[in-house]
Amino acid sequence: MSAMTRKQALIAALRGQERFARLQAVYESARPRRGRWGPGILTADEVFRHKAKDDGFSDEAIAMFIDNIDLWSKP
Amino acid sequence: MELPRRDRGDVYLQDGAFREKIAALRRIAPVSDVTIGIFYAFDFRTHMLPFWYADRRMAPASVRLLGDVLHAAGFVHVRIVLQQWSPRVLPDRMRLDGRPLDILMVSAMQVHAERAYALVRDAYRMGDARPLVLAGGPKAVYEPTDFFELGPEPGVGADCVVTGEVFVLLDLLYTILVGRHAGETPREAYEKARLAGALAKVPGLVYLSPDASPQAPVAVNTGVQRLLRDLDELPLPDAGYRMLEPPHRRRTASAKPAAPERVGRLSTIASVIATQGCRFNCAYCPIPSVNQRTWRHKSPKRFAAEIAHIHEQFGIADFFGTDDNFFNDRQTVIDLMTELARTRIAGKPLSARIRFYTEATEFDVYKNRDLLPLARAGGLAAIWFGIEDITAALVNKGQSAGKTAELFAMLQALEIEPMTMMIHSDTQPLQSRNGDLSGLLDQARYLFDRGAVSYQCTYLGPAVGTRDFEPAARVGTIFKQVGHKDVPQAFQDGNHVVASKHARPWRQQINLLRAYAAFYNPWNTVRAFLKMRGGSLGRKRLLFQCIGQIGLAMSIPRLLAWARQLKRGPIEAYPGLQAARIPMIDAISGEEINWAIEHVPSLSHPSRPSGLPTECYIHGHLLAHGRRDAHRQAGAVVATGMVSR
């Protein structure tokens, strides 16, 4: 499956471009931090997972997004 | 407690052993297939005060040296990720030439340890396909077991921790890879070596005992490393600079490392190893013991060649010697600086193109002050002085106000920048009452008046691996929690008050800020500006005034917030010595041991590490107790102390 098709499949799974864009914004803004979700420092991905879950995205959607995001992000 | 050391006659590796190990690794053909990610952990909570200026401008020598050595040993797929440049890159998302990591190496200082733990946790997201996880750096040297059982699930942590220098890592890689079969991953090969007891023959490692249950893990320590005597055996710094991940904010690694022509713009300062060791024996300093009281240095020719190579290849002109006390030995200074002074590049003196900075005690520089013109001719441009306290009330290293003034005047005449490093403590007053220089602020002002270019002041807290630590722990000086929250490791940076018996520790925290403000302030900036025409030193004083005030502006809100937390409390200190979170046993004797921190014994039965030959075990026990039948008594003795081999 090409990167473009996978992106479209992901957008469909997330139920629309708007939710995809929202998740992408959360992804881009997540940076390593400490405090809110536990005593230790969390990696950027862990922070993203927590924030996205707080925003109402399902575990499956988040996992799918992470699996596919690198396909079209800048090398 | 200090780190243990080997017997006097057994401190060093045999000459040539380092290069032989590199050659031996090169002969293992599959080595070139292995993908390695080296991560230098960095916690941005330490990005403060005047330190903000340098921490992102210098690619650390430690991880670069790893890159140089791995390249020399035949590893071609290696990338160095500096978290201060690319903080979001994650091991599980990293691909080198399209392949996931086979080995993850994490290097961390204590203040950056929490970021290192997050990297290790992230690698475990890959499940069974995760890389072999190796930890190193100062945190690993002093507190190796902190890299095990990081949670949230049991079993998450480093596979092996290196408590020594780069030779230990080479020895470990050789032990793992020499027995690796085709199709086997480095992690599988490592597990095989661990279960067979092969790791016990590599001094300088800590790993979890395969015999202990996951519910009650026990770490095995293979003893004190042997040191590389001849630092010239290290490869020339080159490959490490060519493996650096460029700065970005992505989770994935770039397709290519930073181009060599870009390296000099990213890392404007090159850290170089010229000498290692210090002859002082300060109770608060772990450096002499980690060097096993040795003094090592590179040959003058090698040192000059290294600086010339880095300058020519990467365009870096500023060099920071990672010396503990550069003026420790007079002849070494003469040799190194003479060579630097006579080295030429393209017909021009090297010293005219580069600036060399280093660290030394005031006492030694003063004693050898006749060498300063030679040092200047060799390119010496600044010395960081660990003065600590001008009155020598806190620690007496032969420093005094008179010597400081005389030395600083001499340095200014030679255009060598005097940089000062001070320590504030529970017993030091903020201001002198009797007109002397005992006060913190008096000393800061005095140093500026005498021409100091920069100033830093840290709060005295007992460091792990020093003689100060246990007495402080016994009397409840070291803070465990403040406001019901654990004190972060990043706050062990000397900028935060995290250990004190003072009735108002929050006031001590504010004292630190006041000391910085007494040195870096608009009035001193004007004074530096007015004296700017007095040569390059004047410009540097002005520059550092700006750097210091920016750093102060960045840090005041954060440090005041900490002072507020200290004031609100409650402050809970460690109530004396603790049992080890993960007990550690000696690989040969099987006895519980202490390592850099004294713990109360926690194992009721010493356990013999599996896979060890019996005679080896008996020998270890004989060393400890001098009894021929000691092996029969194993299981009955719990002892602390280290048996070095």
Side-chain angles (χ1 to χ4, degrees), chain A residues 1-11 13-14 17 19-55 57-75, chain B residues 39 41-46 81 83-84 86-95 97-98 100 106 108 111-126 146 149-152 156-157 245-246 248-256 481 483-491 561:
Chain A
M1 203 190 293
S2 74
M4 211 49 224
T5 321
R6 285 175 78 162
K7 184 175 179 181
Q8 283 159 356
L10 178 61
I11 290 170
L14 290 171
Q17 177 75 37
R19 278 170 62 84
F20 171 77
R22 224 172 74 208
L23 202 52
Q24 197 165 23
V26 173
Y27 181 82
E28 299 294 342
S29 68
R31 60 188 178 86
R33 60 175 289 183
R34 175 186 191 266
R36 187 165 163 198
W37 293 287
I41 290 185
L42 303 182
T43 63
D45 261 12
E46 287 172 317
V47 170
F48 164 68
R49 282 168 206 275
H50 283 293
K51 275 187 171 175
K53 240 175 146 179
D54 291 353
D55 277 8
F57 289 95
S58 66
D59 287 337
E60 295 75 35
I62 295 166
M64 193 177 177
F65 182 86
I66 286 183
D67 284 346
N68 290 281
I69 186 71
D70 298 334
L71 293 173
W72 56 87
S73 63
K74 252 178 19 187
Chain B
F39 279 72
F42 187 85
D43 194 319
F44 279 85
R45 286 172 294 180
T46 63
V81 180
Q83 283 202 317
Q84 57 271 52
S86 23
R88 299 186 197 177
V89 175
L90 295 170
D92 76 325
R93 308 277 284 283
M94 194 166 168
R95 299 289 180 273
D97 297 313
V106 181
V111 289
H112 305 308
E114 289 177 35
R115 292 294 303 268
Y117 302 158
L119 289 170
V120 175
R121 275 203 322 271
D122 181 75
Y124 274 75
R125 287 195 171 278
M126 297 166 75
D146 282 6
E149 295 301 332
L150 300 173
V156 174
E245 178 72 11
H248 60 74
R249 307 188 80 72
R250 295 188 308 278
R251 290 354 181 236
T252 50
S254 301
K256 288 183 179 168
Q481 289 195 327
H484 304 295
K485 285 181 184 166
D486 288 346
V487 175
Q489 303 225 20
F491 285 13

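Naming convention: chains lettered A, B, ... in sequence-line order (proteins, then strands); numbering from 1 in each chain.
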Asks: Counting only non-hydrogen atoms closer than 4.5 Å, does B:Arg95 touch chain A with its backbone (N, CA, C, O), its side chain (CB onward), both, or neither?
Replies: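 Interface part for B:Arg95: neither.
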
Asks: With heavy-atom distances below 4.5 Å as the criterion, would you say the side chains of B:Arg121 and A:Leu42 are in contact?
Replies: yes

Asks: First locate atom CZ of B:Arg250, then atom CD of A:Glu28, and finally report the distance between them rounded to the nearest 0.5 Å.
Replies: 10.5 Å

Asks: On a heavy-atom basis, which atom in A:Pro32 and which in B:Pro87 lie closest, and how many Å separate them?
Replies: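 Shortest heavy-atom separation between A:Pro32 and B:Pro87 comes out as CG-O, 3.7 Å.
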
Asks: I'd like to check B:Arg125 versus A:Thr43 (side-chain heavy atoms, cut-off strictly below 4.5 Å). Are they in contact?
Replies: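 Not touching, per the 4.5 Å side-chain cut-off.
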
Asks: Can you see which heavy atom on B:Arg88 is nearest to which on A:Ala30, and at what distance?
Replies: NH1-O, 3.3 Å

Asks: Below 4.0 angstrom, N of the basic side chain to O of the carboxylate: do B:Arg93 and A:Asp45 qualify?
Replies: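 Between A:Asp45 and B:Arg93 there is a salt bridge, with a charged N closer than 4.0 Å to a carboxylate O.
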
Asks: Has B:Arg251 got a side-chain atom pairing as donor or acceptor with A:Tyr27's backbone, closer than 3.5 angstrom?
Replies: yes

Asks: Between B:Pro152 and chain A, which part of the residue has a heavy atom less than 4.5 Å away: side chain, backbone, both or neither?
Replies: neither

